[in-house]
Amino acid sequence: MLRGVVSALIMVSVAPFLTDPRILMAVTALVLFGVWWPFFVGAVLALRRGRADLNTLVAVGTHAAFAYSAWLTLRPGGPAGAHVYYVTCAMIVVLVALGRWLEARARGRAGDALERLAHLEPETAWLLDAEGESETVPLARVLSGDRLRVKPGGRVPVDC
């Protein structure tokens with residue numbers, strides 16, 4: 001109950017501040033020109049190659065929405081009754097940037113896991129000869145079609 005009352009009081013006192021289009025324009029401009037810049041550079045590079053990609057979509061879409069909203073805010077008479085898209089611009093840029101960061105983090109972890117997996121490979125293998133006797137040889141000497149022995153609890157030295 002108390003939490004609901006506090007939330008309502010906060011919203012009533014903060015809401016006018018967050019709905020002023022000039023303040024929203026300033027905050028969104030900071031977000032766009034801080035976080036949005038790599039999208040713009042990527043879009044320019046993609047367009048030089050004659051292609052369009054996600055960078056182009058994000059850069060053009062958010063820039064168009066911001067420019068339209070800024071025009072509404074700065075025109076004589078102000079944005080009275082008009083819909084501005086500052087919050088949408090900022091959210092799109094931040095969410096796509098967050099997604100890229102999460103993707104890069106996941107790729108880094110996958111690369112680390114593959115590296116750890118590569119270190120599990122033993123340096124030698126038990127090669128079986130025609131009589132069934134085994135001899136320890138370096139992995140470089142193992143060829144396709146060779147028969148190998150894997151002892152209990154041992155690591156498989158080659159990929160099947």
Side-chain angles (χ1 to χ4, degrees), residues 1-123 125 138-140 142-144 148 150 153-160:
M1 174 75 178
L2 181 61
R3 184 183 298 174
V5 171
V6 171
S7 297
L9 288 175
I10 290 172
M11 289 304 292
V12 167
S13 63
V14 176
F17 175 79
L18 291 177
T19 57
D20 184 4
R22 292 168 300 202
I23 292 173
L24 287 173
M25 183 174 74
V27 171
T28 303
L30 291 173
V31 170
L32 286 183
F33 296 111
V35 180
W36 176 79
W37 189 250
F39 296 110
F40 177 74
V41 171
V44 169
L45 293 174
L47 291 175
R48 279 187 188 170
R49 291 187 302 264
R51 300 174 53 196
D53 58 6
L54 179 67
N55 291 320
T56 310
L57 175 67
V58 172
V60 171
T62 55
H63 182 73
F66 181 79
Y68 173 73
S69 297
W71 176 75
L72 287 177
T73 301
L74 300 175
R75 73 181 174 161
H83 294 286
V84 291
Y85 301 102
Y86 296 121
V87 176
T88 305
C89 293
M91 284 185 62
I92 289 171
V93 170
V94 169
L95 289 175
V96 173
L98 176 67
R100 286 188 174 180
W101 177 74
L102 290 172
E103 179 185 4
R105 191 174 135 204
R107 282 186 183 182
R109 285 185 176 178
D112 292 343
L114 287 173
E115 188 175 321
R116 286 192 310 270
L117 188 61
H119 287 294
L120 290 176
E121 181 181 56
E123 286 133 22
L139 277 184
V142 176
L143 301 172
S144 179
L148 302 176
V150 179
R155 293 180 286 184
V156 178
V158 294
D159 189 3
C160 295

Less than 3.5 Å apart, which donor and acceptor atoms pair up between the side chains of residues 103-114 and the rest of the protein, not counting sequence neighbours?
residue: Glu103; atom: OE2; partner: Arg107; partner atom: NH2; Å: 3.0

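- In plain terms, the two heavy atoms of His83 and Leu72 that are nearest each other are O-CD1, 3.4 Å.
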All N/O donor-acceptor pairs, side-chain side in residues 55-68, below 3.5 Å, sequence neighbours left out:
residue: Asn55; atom: OD1; partner: Arg100; partner atom: NH1; Å: 2.9
residue: Asn55; atom: OD1; partner: Arg100; partner atom: NH2; Å: 2.5
residue: Thr56; atom: OG1; partner: Asp53; partner atom: N; Å: 3.3
residue: Thr56; atom: OG1; partner: Asp53; partner atom: OD1; Å: 3.2
residue: Thr62; atom: OG1; partner: Trp36; partner atom: NE1; Å: 2.9
residue: Thr62; atom: OG1; partner: Val58; partner atom: O; Å: 2.5

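- Annotation: the span from Met91 atom CE to Thr28 atom OG1 amounts to 11.5 Å, rounded to 0.5 Å.
- The CD1 atom of Ile23 lies 11.5 Å from the OG1 atom of Thr73; values are rounded to the nearest 0.5 Å.
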